[in-house]
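Since the model is a prediction, treat every value here as computed from it, not as a measurement. Computation of the quantities below employed the complete heavy-atom set of this structure, encompassing side-chain atoms and omitting hydrogens, waters and symmetry-equivalent molecules.
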Amino acid sequence: MKPFDEVAEAYLTIHNIGKVNIKYSMIGYNYEPVNADIEPDKPVIVPPEGLIEAEKNEVVAVRYLPGIPRKFNKKIKLQISHFAPEEISVSGEASFADIMLDLPRYENEVYKNLRKEA
């Protein structure tokens with residue numbers, strides 16, 4: 001769970017276990033503009049595309065700003081070379097910190113004890 005107004009970040013590692021270099025790209029992503037805020041409700045992939053050398057790894061950051069408190073589930077697609085795209089799910093829950101107390105308005109012994117507990 002993450003506050004709704006904070007950017008959540010996760011990492012995806014792509015392993016090239018083959019003997020040739022491969023290209024990858026993300027489908028259904030947003031570029032991250034330089035020195036700009038991330039738009040709410042739109043996942044940002046950094047870097048969105050690249051080349052992975054044979055027997056090497058590439059770490060890709062997935063950033064998401066929910067914008068409102070709720071559960072979310074976004075889909076992005078990873079395209080590797082000429083293979084069919086793989087769907088990746090970005091999901092979580094954005095929260096809003098709050099508290100609600102239901103205490104009586106009149107002051108009696110029970111109310112005083114409840115107020116001490118609170």
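- Hydrophobic clustering, with ILVMFWY side chains joined whenever heavy atoms are under 4.5 angstrom apart, groups Val46 together with Leu65.
- Connection of Phe4 to Val44 is not established within any shared hydrophobic cluster, with ILVMFWY side chains joined at heavy-atom distances below 4.5 Å, either directly or through further cluster members.
- Pairs passing the salt bridge (charged side-chain N to carboxylate O under 4.0 Å, His left out) check and including a residue from residues 53-62, sequence neighbours excluded, read Lys19-Glu55.
- Residues Ile27 and Glu86 form no side-chain contact, since every pair of their non-hydrogen atoms from C-beta on lies 4.5 Å or further apart.
- In this structure, Pro40 and Gly67 approach most closely via the heavy-atom pair CB-CA, 3.9 Å.
- Between Tyr24 and Asn16, the side chains place no donor N or O within less than 3.5 Å of an acceptor N or O (distance only, hydrogens not considered).
- Residue Glu93 qualifies as enclosed at atom CD: its count of foreign heavy atoms under 6.0 Å is above 12.
- Note that OG of Ser25 is 7.5 Å distant from CG of Leu78, once rounded to the nearest 0.5 Å.
- You'll find the side chain of Ile88 reaches within 4.5 Å of the side chain of Leu12, heavy atoms only.
- Note: Ile45 CD1 to Tyr64 OH = 12.0 Å, rounded to the nearest 0.5 Å.
- Proximity of Ile14 to Asn57: side-chain heavy atoms (C-beta onward) are nowhere separated by under 4.5 Å.
- Note that the CE atom of Met26 and the CD atom of Gln79 stand 11.0 Å from one another [nearest 0.5 Å].
- Between Ala8 and Lys2, the closest heavy-atom pair is CA-CE, 4.1 Å.
- Nearest approach of Gly18 to Ala54, heavy atoms of both residues: O-CB, 3.5 Å.
- Rounding to the nearest 0.5 Å gives a distance of 9.0 Å between OG of Ser81 and NZ of Lys23.
- The hydrophobic cluster around Val59 extends to Tyr11, counting ILVMFWY residues whose side-chain heavy atoms fall within less than 4.5 Å of a member.
- Considering only residues two or more places apart in sequence or on other chains, Val90 meets the side-chain contact (heavy atoms from CB on, under 4.5 Å) condition with Val62, Phe72, Lys74, Ile76.
- Between Pro69 and Ser95, the closest heavy-atom pair is CB-C, 4.1 Å.
- Considering only heavy atoms from C-beta on, Lys71 stays 4.5 Å or farther from Asn73 through its side chain.
- Between Glu9 atom CD and Ile38 atom CD1 the span is 8.0 Å, to the nearest 0.5 Å.
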